[in-house]
K.L.:
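Structure in structure tokens, see below.
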Amino acid sequence: NSMGKLQVSSNPFIERDGSMVRLDLIHPSFYLGGDPVETARCLLGKILYTRGDGRPTAGRIAETEAYCGPEDRASHAWGNRRTSRTQTMFMAGGHAYVYRCYGIHDLFNVVTGPEGIPHAVLIRAVEPLEGQAEMASRRGLIEGHEGIGRGPGGLTRALGIDRSANGVCLHQLESPVQLCEGLGHVEESDIAATPRIGVDYAGEWALRPWRFYLVHSRSVSGRKRPGR
């Protein structure tokens with residue numbers, strides 16, 4: 001399964017309440033800020049849109065985790081490690097970093113910050129918005145199931161994202177994976193912060209509250225509750 005590139009010259013659309021709503025791609029400048037923690041918060045409510053196989057699917061981002069470049073022991077690029085896997089993290093913000101986890105799951109990250117600084121945000125959950133039947137089928141679940149976009153490995157299967165999307169630009173109309181502005185404002189009171197999941201090996205860095213989620217979302221994965 002290769003996502004490939006499409007010759008698309010218009011913005012993506014999704015269906016809402018019987019009408020087609022145009023989505024606006026997030027401006028490239030959004031990705032270039034130097035603080036991936038702030039970017040991880042700001043990505044909540046944005047829309048992850050795919051059409052690599054010609055079948056549009058989209059989800060509203062409900063859960064993220066920030067990984068902060070060379071200082072962060074939980075980051076693949078800790079100590080500025082540049083390998084065949086991590087080299088994508090050193091690209092300019094606004095590209096996809098997709099890697100295989102445990103030999104099973106392809107996980108989707110948004111590269112952030114200026115070129116040469118390996119910041120990234122892991123997307124951990126989305127709420128299905130477009131192509132919900134297709135997303136459910138890819139997961140082997142019934143349409144409307146709460147778990148369709150839950151978990152970083154689940155959302156990539158639902159959205160048809162694989163490692164062929166690694167390095168794809170997320171703000172070009174012809175890209176098979178795109179990030180779009182959300183359909184409504186996310187209030188601070190809608191966001192909770194906790195330590196990241198599965199990074200206990202990172203010592204004190206594992207305690208940083210760099211996981212963010214929408215408190216009312218049923219798609220959120222893992223532990224939900226520590227303080228806001």
Side-chain angles (χ1 to χ4, degrees), residues 3 12 23 25-26 30-31 33 36-52 57-68 72 74-76 88-89 91 93-102 104-113 118-131 135 138-139 146-171 175-183 186 190-194 196-199 210-215 217-224:
M3 299 204 70
L23 301 178
L25 297 183
I26 295 174
F30 170 85
Y31 303 102
V37 177
E38 179 62 22
T39 302
R41 291 183 71 99
C42 290
L43 279 169
L44 293 175
K46 307 296 189 191
I47 296 172
L48 181 55
Y49 185 95
T50 66
R51 48 184 168 190
T57 53
R60 180 177 185 246
I61 295 173
E63 183 182 359
T64 61
E65 287 179 348
Y67 290 86
C68 298
D72 182 1
S75 171
H76 291 169
T88 306
M89 297 180 71
M91 299 175 74
H95 290 84
Y97 170 46
V98 185
Y99 67 90
R100 177 66 54 89
C101 181
Y102 301 129
I104 303 171
H105 305 295
D106 291 330
L107 306 191
F108 175 82
N109 302 256
V110 180
V111 177
T112 72
H119 294 324
V121 175
L122 172 67
I123 309 301
R124 289 193 55 92
V126 299
E127 300 169 348
L129 285 180
E130 178 71 13
M135 293 174 70
R138 289 168 176 166
R139 292 295 315 274
E146 290 181 359
I148 290 172
R150 180 180 295 156
L155 75 88
T156 54
R157 287 197 300 276
L159 291 170
I161 296 172
D162 60 26
R163 283 179 294 172
S164 69
N166 186 48
V168 160
C169 181
L170 300 170
H171 50 78
S175 292
V177 184
Q178 299 163 324
L179 275 172
C180 304
E181 296 290 354
L183 299 177
V186 175
D190 294 331
I191 299 173
T194 77
R196 295 168 293 182
I197 293 174
V199 296
W210 289 350
R211 169 181 172 253
F212 303 98
Y213 64 86
L214 297 176
V215 294
S217 176
R218 295 183 173 184
S219 295
V220 170
S221 70
R223 301 166 297 185
K224 260 194 167 182

K.L.:
Quick check: closest heavy atoms across Glu130 and Met135, and the distance to 0.1 Å?
P.N.:
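Answer, listing the atom of Glu130 first, then Met135: O-SD, 3.5 Å.
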
K.L.:
For the atom pair CZ (Arg124) and CZ (Phe212), what is the distance rounded to the nearest 0.5 Å?
P.N.:
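Those atoms lie 13.5 Å apart.
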
K.L.:
Test your reading of the model: is there a side-chain donor-acceptor pair from Arg163 to the backbone of Asp106, 3.5 Å cut-off?
P.N.:
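Pair absent, no side-chain N/O of Arg163 close to backbone of Asp106.
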
K.L.:
Do side-chain atoms of Arg211 reach the backbone of Arg196 as a donor and acceptor pair under 3.5 angstrom?
P.N.:
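Flag not set: sc Arg211 to bb Arg196 has no pair under 3.5 Å.
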
K.L.:
Phe108 and side-chain contact (heavy atoms from CB on, under 4.5 Å): which single residue from Leu48, Val126, Leu159, Leu122 fits?
P.N.:
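Only one of Leu48, Val126, Leu159, Leu122 forms a side-chain contact (heavy atoms from CB on, under 4.5 Å) with Phe108, namely Leu48.
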
K.L.:
Taking only residues two or more places apart in sequence or in another chain, which ones pass side chain to side chain contact (heavy atoms under 4.5 Å, CB included) with Cys169?
P.N.:
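So Cys169 forms a side chain to side chain contact (heavy atoms under 4.5 Å, CB included) with His95, His171, Gln172, Ser175.
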
K.L.:
So does Ala193 get a backbone contact from the side chain of Arg41, meaning a donor-acceptor N/O pair under 3.5 Å?
P.N.:
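A pair under 3.5 Å: no.
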
K.L.:
Of all heavy-atom pairs between Val121 and Thr64, which one has the smallest distance, and what is that distance?
P.N.:
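So the minimum-distance heavy-atom pair works out to CG1-CB, 3.8 Å.
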
K.L.:
To check you understand the geometry: which heavy-atom pair defines the closest contact between Leu214 and Ile61, and what is its length?
P.N.:
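Smallest interatomic distance, heavy atoms only, reads CD1-O, 3.6 Å.
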
K.L.:
For Glu63 and Ser217, test the side chains for any donor-to-acceptor distance below 3.5 angstrom and give the result as yes or no.
P.N.:
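There is no such pair (donor and acceptor under 3.5 Å, judged by atom type) between the side chains of Glu63 and Ser217.
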
K.L.:
Got a second to check how far Gln178's CD is from Ile47's CD1, nearest 0.5 Å?
P.N.:
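Here the interatomic distance stands at 11.5 Å.
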
K.L.:
Contact between Arg218 and Glu127 at the side-chain level, heavy atoms closer than 4.5 Å - yes or no?
P.N.:
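Counting from C-beta outward, Arg218 and Glu127 never come under 4.5 Å.
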
